[in-house]
Amino acid sequence: DQYAEEAEVHQITHTTSSLDNSYVAPTFWFASKEVTGTIKVAVYDNDMASVQISKSAVIATEGVSNDTYAIVLGSMPVQHINATNEPGTTVTVSITGNSQVHVQPSTLTFAAATWNVAQTVTVIAIDDYVDENTELHTIWHSATSSDVDYNGGRVLFVNGSNVTATVHDNDFAGVRLAKSSVVGVTDSLCVREGGVSSSYTLVLDSEPTSAVEVNVSVPSTEVLVTPTTLTFTSSNWYQMQTVNVSATEDSVDEVTETLW
């Protein structure tokens with residue numbers, strides 16, 4: 001059969017019938033010993049109630065690649081009724097990730113007709129905006145069933161009940177600058193004394209875990225910038241902030257200067 005059972009002892013009984021009176025109730029011998037005509041047979045099962053997970057480790061990259069593994073049962077789940085095993089129950093395997101690792105689906109159901117059909121679990125790295133190191137996370141498994149061998153703490157996970165997920169990040173911490181207006185020349189930021197000012201924008205490349213202050217300074221008195229401090233938080237890191245640039249007005253005749 002296909003379900004797990006305890007070791008059992010069964011009896012093979014022999015009787016005779018014959019017109020020869022000598023064989024109406026003959027003596028039975030087994031292994032040179034006189035027996036009553038009954039032989040005891042010990043039957044050991046070759047099925048094991050277990051949950052089998054195909055991998056102990058998976059790898060996923062945020063927004064780039066997922067990984068998969070399979071789960072299958074080691075035997076048909078049964079209902080134990082009055083010392084008999086009756087097919088007809090199911091086993092539910094629950095799979096739990098965390099805030100960094102999502103599993104799909106989060107539950108698998110195995111029935112008497114599908115217990116030996118492997119089911120696939122997909123592991124997805126949660127794509128956030130924070131620059132993080134490569135991390136290890138644990139995916140947990142548990143099982144429940146009216147079959148006591150597949151319920152709670154009695155369940156045997158052949159290769160262990162956990163899967164380790166290695167999660168690679170796709171975010172990088174950085175500050176991105178871009179020109180928002182240009183005067184006169186298209187490949188530089190230009191300003192004119194007493195004339196048109198200019199500006200550029202800054203934005204972060206990833207969500208910070210705490211506030212980031214960007215300080216703006218100019219190594220010359222010829223240029224003024226405002227503001228001189230920009231603050232980015234987890235709620236505005238993706239919003240561009242503008243720095244205004246103007247030339248200091250003086251009465252000196254000077255050549256056009258490139259300051260940086």
Side-chain angles (χ1 to χ4, degrees), residues 1-12 40-128 132-170:
D1 54 43
Q2 298 174 319
Y3 48 84
E5 302 168 292
E6 301 289 339
E8 301 172 337
V9 176
H10 298 272
Q11 293 188 137
I12 301 175
K40 292 183 178 181
V41 179
V43 177
Y44 297 94
D45 194 35
N46 64 344
D47 300 295
M48 180 172 59
S50 61
V51 178
Q52 301 171 7
I53 302 174
S54 64
K55 295 180 182 178
S56 60
V58 293
I59 300 174
T61 301
E62 291 183 14
V64 177
S65 62
N66 305 326
D67 204 347
T68 61
Y69 61 93
I71 296 178
V72 69
L73 301 188
S75 65
M76 179 191 298
V78 295
Q79 293 179 327
H80 303 281
I81 302 174
N82 298 326
T84 63
N85 298 314
E86 299 293 337
T89 189
T90 61
V91 176
T92 299
V93 177
S94 299
I95 308 137
T96 305
N98 57 28
S99 62
Q100 297 295 311
V101 178
H102 175 67
V103 290
Q104 193 174 45
S106 58
T107 58
L108 302 174
T109 300
F110 296 90
T114 60
W115 65 271
N116 58 348
V117 179
Q119 299 188 45
T120 300
V121 178
T122 300
V123 180
I124 305 168
I126 301 299
D127 192 6
D128 55 29
E132 301 163 305
N133 295 324
T134 296
E135 299 174 337
L136 298 179
H137 297 275
T138 300
I139 300 172
W140 305 88
H141 301 77
S142 60
T144 55
S145 175
S146 59
D147 182 341
V148 294
D149 291 327
Y150 279 107
N151 190 60
R154 291 195 59 172
V155 182
L156 172 64
F157 286 87
V158 174
N159 299 316
S161 61
N162 303 327
V163 172
T164 300
T166 300
V167 175
H168 297 297
D169 194 41
N170 64 343

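Source: prediction; values computed, not measured.
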Counting only N and O atoms by type, is there a donor-acceptor contact under 3.5 Å from the side chain of [X] to the main-chain atoms of [Y]?
| X | Y | result |
| --- | --- | --- |
| Asn151 | Ser146 | no |
| Asp147 | Val78 | yes |
| Asp67 | Val123 | no |
| Ser145 | Thr90 | yes |
| Tyr150 | Thr144 | no |
| Lys55 | Thr68 | yes |

Could you give the distance from [atom1] ([X]) to [atom2] ([Y]), rounded to the nearest 0.5 Å?
| X | Y | atom1 | atom2 | value |
| --- | --- | --- | --- | --- |
| Leu156 | Asp149 | CG | CG | 10.0 Å |
| Asp169 | Glu135 | CG | CD | 8.0 Å |
| Ile59 | Thr164 | CD1 | OG1 | 11.0 Å |
| Asn116 | Gln52 | CG | CD | 10.5 Å |

> Would you call the rings of Tyr69 and His141 parallel, tilted or perpendicular if under 30° counts as parallel and over 60° as perpendicular?
Replying inline: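 It falls in the perpendicular class, over 60°.
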Taking every non-hydrogen atom, the tightest pair across [X] and [Y]:
| X | Y | value |
| --- | --- | --- |
| Ala165 | Val101 | CB-CG2, 4.2 Å |
| Pro105 | Val121 | O-CG1, 4.3 Å |
| Val155 | Ala143 | CG2-CB, 3.8 Å |
| Ser75 | Ala49 | OG-CA, 3.3 Å |
| Glu62 | Asp127 | OE1-OD1, 3.6 Å |
| Val103 | Gly97 | CG2-N, 4.1 Å |

Counting C-beta onward and ignoring hydrogens, is there a side-chain heavy-atom pair between [X] and [Y] closer than 4.5 Å?
| X | Y | result |
| --- | --- | --- |
| Asn159 | Ser56 | no |
| Thr122 | Ile124 | yes |
| Gln119 | Ile71 | no |
| Phe110 | Pro77 | no |

> Can you pull the side-chain hydrogen bond (donor to acceptor under 3.5 Å, both in side chains) pairs that have at least one residue in residues 92-104, sequence neighbours excluded?
Replying inline: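 Output for this query lists Asn98-His137.
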> Given the rule in the side chain to side chain contact (heavy atoms under 4.5 Å, CB included) test, do Leu73 and Val51 qualify, once you have shown the distances and angles that lead to the verdict?
Replying inline: CA-CA 5 Å; Leu73 301 188; Val51 178; 4.0 Å; yes
